[in-house]
2 protein chains.
Amino acid sequence: MGPAMKTLVSRCPIEEAMQVLSGRWPTLLLYYLKDGTKRFSDLQRDNPTISPKMLALELRKLESAGIVQRTEFGGYPLRVDYLLTPAGLRLVPLIDALGAWWEGVAEPGPAAAAGVPQDGAPAR
Amino acid sequence: MGPAMKTLVSRCPIEEAMQVLSGRWPTLLLYYLKDGTKRFSDLQRDNPTISPKMLALELRKLESAGIVQRTEFGGYPLRVDYLLTPAGLRLVPLIDALGAWWEGVAEPGPAAAAGVPQDGAPAR
DNA sequence: TGGAAATTACGCACCTTTTCGTAACCATGG
DNA sequence: CCATGGTTACGAAAAGGTGCGTAATTTCCA
């Protein structure tokens with residue numbers, strides 16, 4: 001990932017989007033949130049290598065970018081739900097397209113392309 | 001921007017693609033290389049804030065990912081051309097789509113949204 | 001029945017690892 | 001001395017992991 005993207009060098013929307021999506025976690029979280037509402041501990045289980053600190057930071061970044069909605073229910077133990085906003089849902093197919101593109105990078109060219117429609121599946 | 005992506009935590013093509021594209025420079029360089037062949041100094045001029053060190057590192061990363069082709073011509077002063085490979089060209093519209101998506105993130109969405117989050121629907 | 005322990009979703013301080021900017025330098029031929 | 005296409009060393013900054021703490025309710029268990 002990614003470099004220090006705390007600042008921007010252009011007013012390009014692409015750079016702004018990459019500022020949010022750069023790094024290992026944002027797209028992986030997108031992937032797991034595709035399925036619907038998840039809780040903090042669900043996402044920890046889905047992805048055992050993320051630390052709670054990073055999970056909280058990334059979720060808040062996605063929230064403030066308008067990609068994820070956070071809903072806090074009072075009471076104890078505290079309960080919080082995360083789900084994709086409409087903008088987040090619109091992003092999903094674009095990310096999937098990136099994964100499909102990467103799978104074809106090594107390929108020769110536009111010729112042979114008999115692809116089985118498949119999902120971008122992160123094997124664990 | 002993004003976190004340190006020296007390692008992968010999954011075998012997901014999305015994560016692999018993000019490892020290459022994360023950060024400020026890869027997409028910006030893509031943007032400038034869209035126009036056709038560029039030289040090292042062209043890219044420095046296009047983007048005055050990148051240091052020669054970073055430019056060289058990023059170009060090599062893109063090259064080894066199969067996105068950029070580097071062509072060295074002998075003679076002095078040494079001349080080197082950079083241009084997008086077919087895979088790089090295929091990537092361009094996807095990046096553009098990300099930029100367009102970002103410009104619409106703040107927008108409401110196709111359907112009306114209305115609803116104060118409330119209790120009652122336990123997530124699975 | 002009372003006390004201990006578990007639970008959830010983090011925040012904080014501390015420390016290591018990685019990233020990236022700065023500046024200087026290089027080789028060559030014109 | 002200039003331009004080209006870099007490389008290297010240095011150091012600051014950012015990213016990211018670890019461990020500890022926390023709040024109020026519920027559950028466990030002797």
Side-chain angles (χ1 to χ4, degrees), chain A residues 1-9 15 18-26 28-29 32-33 37-64 68-83, chain B residues 1-9 15 18-29 32-33 37-64 68-83 117 119 122-124:
Chain A
M1 199 133 258
M5 297 266 312
K6 296 196 69 171
T7 61
L8 294 169
V9 301
E15 191 187 348
M18 289 310 294
Q19 193 176 28
V20 175
L21 300 179
S22 276
R24 177 178 13 255
W25 305 121
L28 281 183
L29 293 180
Y32 288 114
L33 286 167
T37 300
K38 293 268 185 159
R39 301 185 45 190
F40 193 89
S41 48
D42 290 331
L43 293 168
Q44 278 190 107
R45 269 185 291 274
D46 286 336
N47 202 42
T49 64
I50 195 172
S51 67
K53 169 188 168 181
M54 285 310 295
L55 182 53
L57 286 176
E58 296 289 334
L59 284 172
R60 281 177 198 292
K61 190 174 71 174
L62 293 175
E63 186 196 1
S64 67
V68 160
Q69 189 191 345
R70 194 188 105 110
T71 309
E72 184 172 328
F73 301 88
Y76 281 90
L78 179 60
R79 178 186 151 191
V80 180
D81 277 0
Y82 293 94
L83 82 159
Chain B
M1 212 180 227
M5 301 264 310
K6 295 194 67 172
T7 61
L8 295 169
V9 301
E15 191 187 348
M18 288 311 294
Q19 193 177 28
V20 175
L21 301 178
S22 277
R24 180 183 5 261
W25 306 121
T27 51
L28 282 182
L29 294 179
Y32 288 113
L33 286 167
T37 300
K38 294 266 184 161
R39 303 187 40 191
F40 193 90
S41 49
D42 290 330
L43 293 168
Q44 278 189 110
R45 269 185 291 274
D46 287 335
N47 205 341
T49 64
I50 195 171
S51 65
K53 168 189 168 181
M54 283 312 293
L55 183 53
L57 285 176
E58 296 289 335
L59 284 172
R60 261 194 281 283
K61 189 173 72 173
L62 293 174
E63 187 195 1
S64 68
V68 160
Q69 189 192 346
R70 195 188 105 112
T71 310
E72 185 171 326
F73 302 87
Y76 289 92
L78 180 60
R79 177 185 154 195
V80 179
D81 277 0
Y82 293 94
L83 82 159
D119 209 331
R124 303 199 286 91

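None of the values given here were measured: they were computed from a predicted structure. Here is how names work: the chains are called A, B, and so on, in the same order as the sequence lines, proteins then strands, and each is numbered from 1.
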Roughly, in whole Å, what's the span from [atom1] in [X] to [atom2] in [N]?
X	N	atom1	atom2	result
B:Ile50	C:dT22	CD1	C1'	14 Å
A:Leu55	D:dG17	CG	P	11 Å
B:Glu58	C:dT19	CD	P	11 Å
B:Trp25	C:dT19	CH2	P	16 Å
B:Asp46	D:dG5	CG	P	13 Å

May I ask you to decide if B:Leu83's main-chain N or O and B:Thr37's side chain share a donor-acceptor pair within less than 3.5 Å? no
So, B:Gln19 side chain and B:Met5 main chain: donor-acceptor pair closer than 3.5 Å or not? yes
Charged N-O contact under 4.0 Å between A:Asp42 and A:Arg45: yes
Hey, could you give me the OG1/CE distance between B:Thr49 and B:Met54, rounded to the nearest 0.5 Å? 10.5 Å
Residue set satisfying side-chain contact (heavy atoms from CB on, under 4.5 Å) with B:Ser64, at least two apart, ordered chain then number -> none
side-chain hydrogen bond (donor to acceptor under 3.5 Å, both in side chains) partners for B:Glu15, two or more places apart: B:Ser10
For nucleotides 7-13 of chain C, just jot down a letter per nucleotide in 5' to 3' order: B, S or -, based on protein non-hydrogen atoms under 4.0 Å. BBSSS--
